[in-house]
Amino acid sequence: MTSEEIKVTVEKRGHILLMGLNRADKRNAVDIEMFNQLAHAYAQLENDDDLRCGVLFAHGDHFTGGIDLAQWASLFEAGDALKPPENSIDPLGINGKRVSKPVVCALQGFCITIGIEFLLACDIRIAARNTRFMQIEIKRGIYPVGGATIRFMHEVGWGNAMRYLLTGDEFSAEDAYRMGLIQEVVDNGEQLNRAIQIAETIAEQAPLGVYATLKSSRIIMDAIEAQAKASLMPDLVPLMKSEDTAEGVQSFIERRKANFKGR
């Protein structure tokens, strides 16, 4: 695989697996290949008994500018998007088995759409002060199908979640910390070091106890999430065929405000 084809870097560091989004020239926009490579990285974390904790981060100035919609549109229309390849693990924790080891997330710059959903599937989140969050699917005539509608309100409360899910407005690292979406705000450039420190602390603990703690903590949430997960793609398909979605995508291409008609 050439350097241009490596869209997710993977590095073992002791008992930790560093997983880095690697399309910095595209603001780490998540295309299909990046998603698949990340799913395989999560499988490596899961299946390597020597690994005890993961760290998800991004190369460059931004965590991610969001999903590369042009690549994914046809799969969304067919209701067949965001499914991990065979023998991998969904980094969103929506389709199939979820990784059973903890993952710490380090964020900086733009964290848009699927970026928020990646962090919602992680267990501890560290953000640089310059991190800017946006869940902007609503501005494209669709809605989040990677877990935001399921997990955001559990993390920050109903009103806080709806404040941003229903408007697509930007919010800061300080806002995210205040709401409980992230656990620490650090100086720009220190987010990965801090995430690694926390991961190393986790990796020093008794592994079986860590995994059992994570499993027990997820039992109720997994039961609550099951029905909502099953309806994500079926509910998206009719939206993808609407005039509003076509207008949302076109407005994005033309860099203008969308004019939605409700049909």
Side-chain angles (χ1 to χ4, degrees), residues 16 18-24 26-30 38 53-67 91-93 102-140 142-202 214 217-218 221 225 252 255 257:
I16 297 168
L18 303 179
M19 303 173 288
L21 307 183
N22 191 38
R23 292 186 78 201
K26 302 292 186 182
R27 292 181 174 176
N28 288 317
V30 179
L38 185 58
C53 188
V55 174
L56 177 62
F57 72 102
H59 298 277
D61 296 331
H62 303 284
F63 185 67
T64 177
I67 203 161
L92 295 168
V103 179
V104 184
C105 189
L107 308 156
Q108 77 277 358
F110 288 132
C111 181
I112 301 176
T113 62
I114 197 171
I116 294 176
E117 294 177 311
F118 280 150
L119 73 88
L120 284 168
C122 292
D123 303 292
I124 300 169
R125 308 114 191 189
I126 310 299
R129 297 190 188 281
N130 69 353
T131 311
R132 298 157 61 188
F133 301 87
M134 284 179 281
Q135 196 81 57
I136 59 172
E137 288 89 344
I138 204 79
K139 295 181 180 293
R140 305 289 172 249
I142 56 176
Y143 83 110
V145 292
T149 57
I150 302 172
R151 298 176 178 139
F152 205 167
M153 67 285 295
H154 294 300
E155 297 286 341
V156 306
W158 181 270
N160 285 328
M162 293 303 116
R163 167 68 180 84
Y164 297 105
L165 286 173
L166 299 180
T167 65
D169 283 351
E170 178 182 313
F171 57 100
S172 68
E174 287 75 17
D175 292 327
Y177 177 73
R178 171 183 57 82
M179 293 186 293
L181 183 63
I182 60 175
Q183 281 61 64
E184 293 185 24
V185 179
V186 298
D187 290 338
N188 298 337
E190 291 300 314
Q191 67 279 357
L192 180 55
N193 290 335
R194 182 61 180 138
I196 291 172
Q197 288 175 355
I198 293 172
E200 287 176 340
T201 299
I202 294 171
L214 199 59
S217 300
R218 287 177 175 172
M221 295 306 302
E225 291 180 359
F252 172 74
R255 299 183 181 277
K257 184 176 180 180

[X] and [Y]: which non-hydrogen atoms are nearest, and at how many Å?
X: T167; Y: I138; value: C-CG2, 3.9 Å
X: L21; Y: F63; value: CD1-O, 3.5 Å
X: M19; Y: V103; value: CE-CG1, 4.3 Å
X: C122; Y: C105; value: SG-CB, 3.8 Å
X: A128; Y: Q108; value: CB-CB, 4.0 Å
X: R218; Y: D123; value: NH2-OD1, 3.5 Å

Is it true that a side-chain atom of [X] and a backbone atom of [Y] form a donor plus acceptor pair closer than 3.5 Å?
X: N28; Y: H62; result: yes
X: T149; Y: V145; result: no
X: E117; Y: G147; result: yes
X: E170; Y: M134; result: no
X: E155; Y: A161; result: no
X: N130; Y: N188; result: no
X: R125; Y: L119; result: yes

Would you check if [X] and [Y] make a side-chain contact, meaning some heavy-atom pair closer than 4.5 Å?
X: F118; Y: V30; answer: yes
X: P144; Y: T113; answer: no
X: E184; Y: I198; answer: yes
X: R129; Y: E174; answer: yes
X: T131; Y: V185; answer: no
X: L92; Y: L120; answer: no
X: R151; Y: E225; answer: yes

(message) Is it the case that atom CG in D61 sees more than 12 heavy atoms from other parts of the structure closer than 6.0 Å?
(response) no

(message) Within a 6.0 Å radius of atom OH on Y143, are there more than 12 heavy atoms belonging to other residues, nucleotides or ligands?
(response)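 Yes, the 6.0 Å shell around OH holds more than 12 heavy atoms from other groups.
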
At what distance, to the nearest 0.5 angstrom, does [atom1] of [X] lie from [atom2] of [Y]?
X: L107; Y: L56; atom1: CG; atom2: CG; answer: 8.0 Å
X: I136; Y: L165; atom1: CD1; atom2: CG; answer: 12.5 Å
X: I114; Y: L38; atom1: CD1; atom2: CG; answer: 8.5 Å
X: I182; Y: Y177; atom1: CD1; atom2: OH; answer: 8.5 Å

(message) Which label fits F171 and F133: parallel for a plane angle under 30°, tilted from 30 to 60°, or perpendicular past 60°?
(response) parallel

(message) Quick one, N160 with R178, criterion side chain to side chain contact (heavy atoms under 4.5 Å, CB included). Give me CA distance, side-chain angles, the key distance, then yes/no.
(response) CA-CA 10 Å; N160 285 328; R178 171 183 57 82; 4.2 Å; yes

(message) Just by distance, no angles: are the side chains of R194 and Q197 close enough, under 3.5 Å, to form a donor-acceptor pair?
(response)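 R194 vs Q197: donor-acceptor pair found between side chains.
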
(request) Take N193 and V186 through the test side chain to side chain contact (heavy atoms under 4.5 Å, CB included) and record every step on the way to the result. (result) CA-CA 10 Å; N193 290 335; V186 298; over 6 Å; no

(message) Taking side chain to side chain contact (heavy atoms under 4.5 Å, CB included) as the criterion, tell me which of L192, V104, I196 meets it with F57.
(response)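 Output: one option passes, namely L192.
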
